[in-house]
Structure formats: structure tokens, C-alpha cells
Amino acid sequence: MGSAAPAAGEPSRERDYWASCGYRHLAVGGDGRLTLTDAYLRAQLLRPELAPIPESCDAELALHDALVASPRRTVAQPALDAIRDDDARENYRVWLRFRDRLAAAPSLEAAYLRLFGGDGVDVPPLFVHELTQVLLRHILGERPDALEARAAEMLFRTQTVAVLEDGAVMAADESTVELFATTGGFGNLGELLASNQTPTRTVDLDVLTRDNADEYWDRDERHDLSVSLNRGQPALDALARVLERWLKHFLDVEVRIGPQRRIDDERWVWHVGLDAEASGILNDLYNRVDVDDARMGRLVALFQLDFANAADMRPTIAGRPVYLAMAIDERRRLRLKPQNLLLNLPLARPQ
């Protein structure tokens, strides 16, 4: 067991967490935004998708060595074509396109926003999630709250959600669930996923609460702590605080986000789905399209977002609340898209 969580009001300690995301290789500019460095690109080249293996051909080894020495170097097409393995060749093509996107932007924040413009995202979800994680690491800072750090994981790692017999709505990391469903459960707080659609084995995971929050820092990259998404539980409030800080960092707007039980608003004017499923459900409800019980049952949380300064909103709806929602898909997966908030709020000024 880890040490006790800080008492109420006690400041958090400095933490070096999520070390594998590469945050320590980045620089912070005078505007508080992240600046790309060669060290960060070198760290990416050592990831399993790009690191050489014993079967790597001479052309792949030569390219990898050249990029490690000079991560921003121009790579001519013949150097790529010479790589014998099709998958390795494609991995380099994709990474080089991503690298060029990062290098062309004044900050990682700007690069992130540019990913979602134009004709659609042209890099794999893995790279988007990695960029989301390192940005969240910067936003959460050196003295984060453990529940906020765990809640932030939901913005870049898919969760599996289950409703237990007692009504508890529990979220656990999908990759961890799949791993332990086939290799064995662990933990001591009982069955988490009674309906996780993996019939071979029950999965038991520890539940992160305020009482055991300090446990997170010994397990921050194991992704083996589940959380309750019920209203009134700390994880949902922690997620709201993370989203507030996300918006403040990117858009420089102050908002307050709080969980809601339902939308009872005859003047409902704006909403944002935090994932594709929730977007579809909210759109149908707003347009008075019938939503059957099965789809409504996929909604796992509703929020109300209020701007601290109504002048930050479009004048025609200034002062009105914005409703947010998140929902699971048919496989009970929660796949949040934090970019939705950045792109779809009714702001008075373009970003």
C-alpha cells in the first residue's frame, strides 16, 4: 500500500508522472506552450513502432541512425523505398508526416489544433492520443491531484464501462481489462466488470477514491485503477476540473463545468458531445428525434458548462449554458475526444 493521501487543504507534492510520454524532453515557451525539441523526436524514434528489431534491413537501420543523429533531417523517397519490410516502411512514412506537422507549428498546442482542420485527421489515433497525453501532462503541472490525473487518462485512453448490480457505473482502462481478462485478475475490491463481453474470466481491479488516491503515483503508468462515474463521486468532478483547465489553456476562457442528472431546459441552445456516441444522442434529443431506451442507456454522464464571462460567447446566446455528454458504444467503450470541446464551443471570437 502507498502512503496516505494528503489531508484536505494540504498542497500536493511535486510528481514526475507519465514519464513515458516524453514530457521531460520538451521545452516550454515564453507563452507557456510546449515547444518541439530534437530530444522529444529522438525519444519517439525509440518507440516500438520505429525502433529497429533483429530482422530490420540495412536500409532501415541506416535511416534510423540518420534520424536519431538529426531528427529533423529531410528524408528522400529512395531512402524510404529501400526499406524491405512493408510495415516498417509505412511506419516511417506516417511518422515523418506527423513529425513535419509538429515541426511546422509554433507549438505543440497549435499542431494539435491543426490536426483537426482541413480534410480530416491524417495521422493514426495513436499519435493523436500521445499528443493529447503530453499536453495534459503540461496542463496538469507538477503538483497534480491524483483523481484529476486518473480522470485525464480518459481523454487519451479508451475505457470499458460497466454498470454493476448496485448501480455503480465503473470505468476501467480497456487495454488493461483485455489483458487481465485473458491472463488473470488482480486487486481486492471485488468484481469490476460483470458484463465486459470477455467471457473467459472475471476482471478485478482496485477502485481509486479519495481515501486511497495516493496509490495512483505508484501505478500511474500501469493503468490498473478503475473509477466510479456516478454523480457525486470524485472522479466525475475531477474530470470536470480537467476539462476546465483544458479549455483555459487552449482557448483562454474561464468556464465552470458540473455534472447534471438531466437536461430540463426549454431554451436549450447549445451542446457538445464529448465523443461520437454522445454527439449523435444529443443531436437527436435536441432535434426531438425519438431516442430509444437502449441508446439512452449508453449515456454515462451529462454536464453543464457555464462561461464565467458571457462576453466570451456568441452574442446571440451569451449567458446560456452549454450541455456536454459522454456515452459508451455498443461494446461498452468510452472513447472521449477532447478536441470536440476546443472546436465546437460557441465562442465570440474565432480561435
Which distance, rounded to the nearest 0.5 Å, do you find between the [atom1] of [X] and the [atom2] of [Y]?
{"X": "Leu305", "Y": "Met313", "atom1": "CG", "atom2": "CE", "result": "8.0 Å"}
{"X": "Ile328", "Y": "Thr160", "atom1": "CD1", "atom2": "OG1", "result": "9.5 Å"}
{"X": "Leu80", "Y": "Glu60", "atom1": "CG", "atom2": "CD", "result": "11.0 Å"}
{"X": "Arg210", "Y": "Leu208", "atom1": "CZ", "atom2": "CG", "result": "8.5 Å"}
{"X": "Asp65", "Y": "Ser70", "atom1": "CG", "atom2": "OG", "result": "12.5 Å"}
{"X": "Tyr92", "Y": "Asp85", "atom1": "OH", "atom2": "CG", "result": "11.0 Å"}

Side chains of [X] and [Y]: is there a donor and an acceptor less than 3.5 Å apart?
{"X": "Trp95", "Y": "Gln44", "result": "yes"}
{"X": "Asn230", "Y": "Ser228", "result": "yes"}
{"X": "His25", "Y": "Asp38", "result": "no"}

Nearest heavy-atom neighbours spanning [X] and [Y]:
{"X": "Gly22", "Y": "Tyr40", "result": "O-CD1, 3.5 Å"}
{"X": "Ala27", "Y": "Thr37", "result": "N-CG2, 3.7 Å"}
{"X": "Val207", "Y": "Asn212", "result": "O-ND2, 3.0 Å"}
{"X": "Ala325", "Y": "Ala278", "result": "O-CB, 3.3 Å"}

What I'd like to find out is whether the side chain of [X] reaches to under 4.5 Å of the side chain of [Y], using heavy atoms alone.
{"X": "His271", "Y": "Leu324", "answer": "no"}
{"X": "Leu341", "Y": "Leu247", "answer": "yes"}
{"X": "Glu142", "Y": "Arg137", "answer": "yes"}
{"X": "Leu96", "Y": "Arg99", "answer": "yes"}
{"X": "Leu345", "Y": "Val322", "answer": "yes"}
{"X": "Asp100", "Y": "Leu102", "answer": "no"}
{"X": "Phe303", "Y": "Pro321", "answer": "no"}
{"X": "Phe250", "Y": "Glu109", "answer": "yes"}

Any donor-acceptor pair under 3.5 Å from [X] side chain to [Y] backbone:
{"X": "Arg332", "Y": "Val161", "result": "yes"}
{"X": "Arg97", "Y": "Asp122", "result": "yes"}
{"X": "Ser226", "Y": "Ala171", "result": "no"}
{"X": "Asp275", "Y": "Ala327", "result": "yes"}

Residue set satisfying side-chain hydrogen bond (donor to acceptor under 3.5 Å, both in side chains) with Arg93, at least two apart, ordered chain then number -> Asp81
Would you mind checking if [Y] and [X] are paired as a salt bridge, meaning a charged N to carboxylate O distance below 4.0 Å?
{"X": "Arg15", "Y": "Asp214", "value": "yes"}
{"X": "Arg84", "Y": "Asp58", "value": "no"}
{"X": "Arg335", "Y": "Glu277", "value": "no"}
{"X": "Asp224", "Y": "Arg219", "value": "yes"}

Across all chains, not counting sequence neighbours, the salt bridge (charged side-chain N to carboxylate O under 4.0 Å, His left out) partners of Arg89 are Asp86
Across all chains, not counting sequence neighbours, the ring pair (Phe, Tyr, Trp, His ring centres under 6.0 Å) partners of His138 are Tyr23, His249
Give a yes or no on whether Val68 and Leu61 share a hydrophobic cluster (residues Ile, Leu, Val, Met, Phe, Trp, Tyr; joining criterion: side-chain heavy atoms under 4.5 Å apart). no
- Item | Common cluster, Val134/Leu46, ILVMFWY with side-chain heavy-atom separation under 4.5 Å | no
Per side chain to side chain donor-acceptor pair (under 3.5 Å), Asp173 is matched among Arg222, His223, Arg150, Arg157 by Arg157
Flag yes if more than 12 heavy atoms outside Asp293 fall under 6.0 Å of its CG atom; otherwise flag no. no
field: Atom CD of Glu165 with >12 non-hydrogen neighbours under 6.0 angstrom
entry: no
Practice problem: For salt bridge (charged side-chain N to carboxylate O under 4.0 Å, His left out), just list the numbers for Asp16 and Arg24, CA-CA rounded to whole Å, side-chain angles, deciding distance to a tenth of an Å, and then say yes or no. | Solution: CA-CA 9 Å; Asp16 186 13; Arg24 292 300 179 189; 3.5 Å; yes
Only distances under 3.5 Å count here; give the side-chain donor-acceptor pairs of residues 236-246 to other protein atoms, sequence neighbours excluded, each with its distance to 0.1 Å.
unit_1 : atom_1 : unit_2 : atom_2 : d
Arg241 : NE     : Glu244 : OE1    : 3.0
Arg241 : NE     : Glu244 : OE2    : 3.4
Arg241 : NH1    : Asp237 : O      : 3.4
Arg241 : NH2    : Glu244 : OE2    : 2.7
Arg241 : NH2    : Ile257 : O      : 2.5
Glu244 : OE2    : Ile257 : N      : 2.8
Arg245 : NH1    : Glu148 : OE1    : 3.0
Arg245 : NH2    : Ile139 : O      : 2.9
Arg245 : NH2    : Leu140 : O      : 3.2
Trp246 : NE1    : Pro338 : O      : 3.2

Asp292 meets the side chain to side chain contact (heavy atoms under 4.5 Å, CB included) criterion, sequence neighbours left out, with Ala294, Arg295
Besides Leu299, the hydrophobic cluster formed by Ile, Leu, Val, Met, Phe, Trp and Tyr side chains linked at under 4.5 Å, directly or via other members, contains Ile263, Trp268, Ile281, Leu282, Leu285, Tyr286, Val291, Met296, Leu302, Tyr323
